[in-house]
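The first residue in the sequence is number 1, and the count goes up from there.
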Amino acid sequence: MVQVTGLGKSFGARRVLDQVSFSVQPGELVGLLGPNGAGKTTTLSILATVLAPDEGTVRIAGFDLARERTAIRARLGLVPQSLALYPSLTALENLVLFARLRGANAHQARRLCAEALDEVGLADHAQRTVGLLSGGMKRRLNLACALVHQPQVLLLDEPTVGVDPQSRERILNTVKELGHSGTAVLYCTHYMDEVERVCNRVVLIDHGRVVAAGTVAELVGLAGGRPRIELYFQTPPPSRWYLELSRVSELTPSPSPNHTVLEFDSLTRVHELLRRAQAAGSVLEFSVHSPNLSDAFMALTGHRLRDEHESG
């Protein structure tokens, strides 16, 4: 449904996108993950036909971006990072406006708007003026405006920025349901936990380049991450008490004599590790960390997600 090949874009001397390639299948949720300034918003702007690429090709729903922009726009929904709503209109009036702009007649618009409001949980707030809605409700309405014409492809740019927990859950659940219904979704964010929850595949982008792509499990495996266990003893345990255990190594230096951090090969060995630790000393507290997308990003890029004040 979305095929991006060799995408490149520069603003003056600054290279924003450099040979970016990825695809999104019908019903697939692909996370475009990277820090602010990585090139995510620029990529979405090109796919949304707002910006023209300097190089590369884009096909959406079988249409070529360079020659068939009108056909692409009819099949595309965009949720921009900045709210695209009219604050003096009601929630329903906003939706009707976008539905009519998309070519729906009055009867179709009423049906489509009712469905969209229900989908994002705002049916009871249809007559409220947008300027009086909470920030989370505005974000949900922003999503509804992109869904009102039932697009085949949905582009989301940081759709949960600044929302309350209830609205965040509603947005994430709506996005997952869209995937189940066959919509191709490109989910652009720097919130790794959201990508882990809703996306089938992930494209890691940093400094305008695709660093890696695959499922969350594939990226974690590619990064070589291993589970860790942190143990806090009442008194310092014997030195290297874990040596008889295979495929276990200590992260050094230890935070303190009573605190040991071990890496090991499989979560199935937690019970074995705890049994051996109890034999070495009195364990007061322990915690287990399973490798996640944040660990993979750190390993593959050499840094954590930064929060830079720059566009992209």
Side-chain angles (χ1 to χ4, degrees), residues 1-25 28-48 51 53-60 65 79 81 153-161 172 175 179 184-228 263 289-312:
M1 189 60 70
V2 178
Q3 183 68 51
V4 178
T5 307
L7 202 62
K9 183 67 179 178
S10 298
F11 295 111
R14 181 179 172 226
R15 184 75 165 166
V16 179
L17 298 178
D18 190 4
Q19 294 295 305
V20 170
S21 300
F22 61 87
S23 63
V24 186
Q25 303 301 319
E28 188 177 30
L29 281 72
V30 173
L32 187 61
L33 179 65
N36 291 342
K40 305 186 305 295
T41 297
T42 300
T43 300
L44 260 66
S45 296
I46 291 172
L47 268 57
L51 283 178
D54 296 335
E55 58 195 62
T57 60
V58 176
R59 295 189 69 83
I60 296 178
L65 180 72
V79 179
Q81 185 172 350
V153 177
L154 181 64
L155 308 177
L156 300 111
D157 189 5
E158 306 284 2
T160 63
V161 169
L172 294 178
V175 170
V185 179
L186 184 62
Y187 194 97
C188 175
T189 185
H190 62 272
Y191 295 139
M192 294 196 184
D193 63 315
E194 293 184 358
V195 171
E196 290 176 323
R197 284 184 56 183
V198 306
C199 294
N200 309 113
R201 285 192 302 114
V202 184
V203 177
L204 291 184
I205 185 171
D206 192 32
H207 296 297
R209 290 177 174 267
V210 173
V211 177
T215 65
V216 172
E218 287 170 344
L219 293 182
V220 171
L222 182 64
R226 299 206 303 163
R228 295 195 304 271
E263 278 192 340
H289 174 77
S290 180
N292 57 28
L293 202 51
S294 180
D295 299 319
F297 191 90
M298 177 68 177
L300 294 169
T301 67
H303 57 77
R304 298 192 181 278
L305 273 182
R306 58 193 184 278
D307 191 17
E308 296 177 349
H309 299 289
E310 57 180 293
S311 62

Enquirer: Looking only at heavy atoms, which two atoms of C188 and P159 are closest? And how far apart?
Expert: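 Scanning both residues completely, I find the closest heavy atoms to be O-CD, 4.0 Å.
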
Enquirer: How long is the straight-line distance from CG of L156 back to OG1 of T189, given to the nearest 0.5 Å?
Expert: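 It comes to 10.0 Å.
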
Enquirer: In Å and rounded to the nearest 0.5 Å, what is the CD to NZ distance from E55 to K9?
Expert: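 It comes to 10.5 Å.
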
Enquirer: Only one of V203, V153, V30 forms a side chain to side chain contact (heavy atoms under 4.5 Å, CB included) with V24, so which one is it?
Expert: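 That would be V30.
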
Enquirer: Does N292 have any side chain to side chain contact (heavy atoms under 4.5 Å, CB included) partners at least two apart in sequence or in another chain, and if so, which?
Expert: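 For N292, the residues satisfying side chain to side chain contact (heavy atoms under 4.5 Å, CB included) (neighbours in sequence not counted) are E196, H289, S294, D295.
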
Enquirer: Show your reasoning for whether side chain to side chain contact (heavy atoms under 4.5 Å, CB included) applies to F11 and V16.
Expert: CA-CA 7 Å; F11 295 111; V16 179; 3.2 Å; yes

Enquirer: Could you tell me whether a side-chain N or O of R226 sits under 3.5 Å from a main-chain N or O of R228, the two making a donor and an acceptor?
Expert: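 Side chain of R226 to backbone of R228: no pair is present.
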
Enquirer: Not counting sequence neighbours, which residues clear side chain to side chain contact (heavy atoms under 4.5 Å, CB included) with S23? List them please.
Expert: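 S23 satisfies side chain to side chain contact (heavy atoms under 4.5 Å, CB included) with Q3, Q25, R201 only.
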
Enquirer: Show the nearest heavy-atom pair for residues V20 and G208, with the distance to one decimal.
Expert: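 It is CG2-O, 3.3 Å.
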
Enquirer: Would you sort out whether L44 and L32 count as a side chain to side chain contact (heavy atoms under 4.5 Å, CB included), showing the intermediate values?
Expert: CA-CA 10 Å; L44 260 66; L32 187 61; 3.9 Å; yes

Enquirer: Nearest 0.5 Å, please: how far is CG in D18 from NE2 in H207?
Expert: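 So the NE2 of H207 and the CG of D18 are separated by 12.5 Å.
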
Enquirer: To the nearest 0.5 Å, what is the distance between CG on L219 and CZ on F297?
Expert: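 Between atom CG of L219 and atom CZ of F297 there are 11.0 Å.
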
Enquirer: Within the distance-only criterion (no hydrogens, no angle test), does the side chain of K40 pair as donor or acceptor with the backbone N or O of L33 below 3.5 angstrom?
Expert: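 No, the answer is negative, given that no donor and acceptor are paired below the 3.5 Å cut-off.
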
Enquirer: To the nearest 0.5 Å, tell me how far L29 CG sits from L154 CG.
Expert: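 Interatomic distance, L29 CG to L154 CG, rounded to 0.5 Å: 9.0 Å.
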
Enquirer: Would you confirm whether D206, through its side chain, and A38, through its main-chain N or O, come within 3.5 Å as a donor-acceptor pair?
Expert: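 Looks like no, no N/O pair under 3.5 Å.
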
Enquirer: Are there more than 12 heavy atoms of other residues, nucleotides or ligands under 6.0 Å from atom CZ of R209?
Expert: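 Open: at most 12 neighbouring heavy atoms sit under 6.0 Å from CZ of R209.
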
Enquirer: Calculate, to the nearest 0.5 Å, the distance between atoms CG and CD1 belonging to L17 and I205 respectively.
Expert: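 If we round to the nearest 0.5 Å, L17:CG and I205:CD1 are 5.5 Å apart.
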
Enquirer: I'd like to know if the side chain of D157 reaches the main chain of T41, judged simply by a donor and an acceptor atom lying under 3.5 Å from each other, with no hydrogens or angles considered.
Expert: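 No, the answer is negative, given that no donor and acceptor are paired below the 3.5 Å cut-off.
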
Enquirer: Apply side chain to side chain contact (heavy atoms under 4.5 Å, CB included) to L186 and V2, showing your working.
Expert: CA-CA 9 Å; L186 184 62; V2 178; 5.8 Å; no

